[in-house]
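Counting starts at 1 for both ligands and their atoms, in listed order. When a residue number appears, it is its place in the shown sequence, counting from 1. Hydrogens, waters and symmetry mates are skipped; everything else that's a heavy atom, side chains included, is used.
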Amino acid sequence: MSISIQKVSPAVGAMVKGVDLSVAVPPDTFEVLEGALAEHGVLVFRDQHLTPAQHVAFSHLFGSLETHVISEALLEGYPEIYVVSNVVEDGKPKGRPYAGTYWHSDLSYKAAPAMGSMMYALEIPEIGGDTMFANMYVAYDTLSPGLQRMLEHLWAVHDFGHADRRYFSKRGAAARLNETARKKTPPVEHPVVCTHPTTGRKALFINPGFTSRFVDMTEEESEPLLEYLFEHITQPAFIYRHRWEMNDLVFWDNRCTIHHAIRDYGEDTPRHMHRTTICGEKPVPV
Ligand SMILES: O=C(O)CCC(=O)C(=O)O
Ligand SMILES: [Fe+2]
């Protein structure tokens with residue numbers, strides 16, 4: 001069967017058909033997928049039947065794999081697999097519940113953020129638990145030339161603890177990041193506009209989850225422009241909302257998209273996913 005790639009929304013994402021990810025992917029198919037990922041930002045593969053080892057093997061084609069800083073959510077025997085799950089078995093959580101329920105790009109709080117992430121659906125709610133993706137090329141392209149130029153000179157601070165403070169502690173929930181994880185993730189600085197290494201296109205590299213302020217400015221000073229940009233980059237026209245099916249594998253490029261998991265299902269509705277994370281490089285300024 002030949003490979004077909006079709007857009008799933010005007011702004012971002014494509015559905016890939018005709019590829020079985022459980023067996024070795026030939027080099028020409030790999031090249032097509034690599035190009036499609038950088039162009040569309042998100043690739044959806046339906047009806048894949050993958051063991052953890054096969055999931056890891058396919059991910060590994062794209063680079064070395066991260067071991068997530070939240071070590072208690074790693075799959076036993078497969079430290080490359082980060083379990084995103086609200087399932088509790090014998091009183092023990094099987095993974096990280098409600099991960100990424102705010103807009104973010106994976107590991108943007110690291111000096112070398114993630115290139116891409118691959119999430120595989122093993123148990124999903126009948127309704128709900130979708131994931132949204134937004135296109136950061138389009139977010140950049142649709143700004144005025146004046147603001148584009150200004151942003152090209154700015155750098156921003158990315159901080160894992162920011163999401164905790166902003167999205168959890170403020171809502172009265174306990175901080176979710178323990179001391180060890182906190183120590184391993186000191187704030188880092190990245191250019192606000194980056195060049196994608198594959199396409200050479202410019203993309204905005206900020207996100208509401210982890211970007212706390214502009215470099216050399218206070219949070220207070222940064223807030224008005226950051227808030228404006230966060231609103232801009234998450235507007236409905238830039239988004240694809242993925243409605244998960246069992247055995248979906250979704251591969252997203254963290255260098256040109258941001259994503260948001262939607263927490264709209266009950267605590268006793270199981271949602272269980274495996275994620276691998278492909279290491280990336282330090283973002284390249286324009
Ligand atoms: O559960 C999801 O849909 C995504 C969670 C998330 O942000 C991630 O694992 O990177
Ligand atoms: Fe994420």
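- Looking at Asp106, its N, O or S atom nearest to the Fe ion (ligand 2) turns out to be OD1.
- For ligand 1, the atoms sitting less than 4.0 Å from at least one non-hydrogen atom of Asp106 are 10 (O), numbered in the order shown with element in parentheses.
- Residue contacts with ligand 1 include His104, since one or more of its heavy atoms lies under 4.0 Å from the ligand.
- Among all non-hydrogen protein atoms, the one lying nearest atom 6 (C) of ligand 1 is His259 NE2, 3.8 Å.
- Phe210 has its ring centre less than 6.0 Å from the ring centre of Phe160.
- Nearest protein heavy-atom contact of atom 3 (O) of ligand 1 is Thr131 OG1, 2.5 Å.
- Only side-chain heavy atoms of Arg271 come within less than 4.0 Å of ligand 1; its backbone N, CA, C and O stay farther off.
- Aromatic ring centroids of His232 and Phe230 lie 6.0 Å or more apart.
- Checked against the 6.0 Å centroid threshold, His104 and His260 do not count as a close aromatic pair.
- Which parts of ligand 1 touch Trp252 is read off a 4.0 Å heavy-atom cut-off, strictly below it: atoms 10 (O).
- Under the 30°/60° scheme for interplanar angles, the aromatic rings of Phe133 and Trp252 are found to be tilted.
- Ligand-side atoms of ligand 1 in range of Val84: 1 (O), 9 (O), range being under 4.0 angstrom from any heavy atom.
- Looking from atom 5 (C) of ligand 1 to the surrounding protein, the closest heavy atom is Ala99 O, 3.3 Å.
- Between Tyr240 and His242, the distance from one ring center to the other falls under 6.0 angstrom.
- At a heavy-atom distance under 4.0 Å, only side-chain atoms of Met119, from C-beta outward, approach ligand 1.
- Protein heavy atom nearest atom 8 (C) of ligand 1, with residue, atom name and distance: Arg275 NH1, 3.1 Å.
- Every atom of ligand 1 with a heavy atom of Gly100 under 4.0 Å away is listed here by number and element: 7 (O).
- Proximity of Tyr102 to ligand 1, defined as any heavy-atom pair under 4.0 Å, is not found for any part of the residue.
- Ring geometry, Tyr98 versus Tyr265: the interplanar angle falls from 30° to 60°, so the pair is classed tilted.
- Look at Arg271 and Glu267 and you find no salt bridge, because none of the NZ, NE, NH1 or NH2 atoms lies under 4.0 Å from a carboxylate O.
- Ring geometry for Phe62 versus Phe58: interplanar angle over 60°, hence perpendicular rather than tilted (30 to 60°).
- Under the 4.0 angstrom criterion for non-hydrogen atoms, Trp103 is not in contact with ligand 1.
- Aromatic ring centroids of Tyr78 and His55 lie 6.0 Å or more apart.
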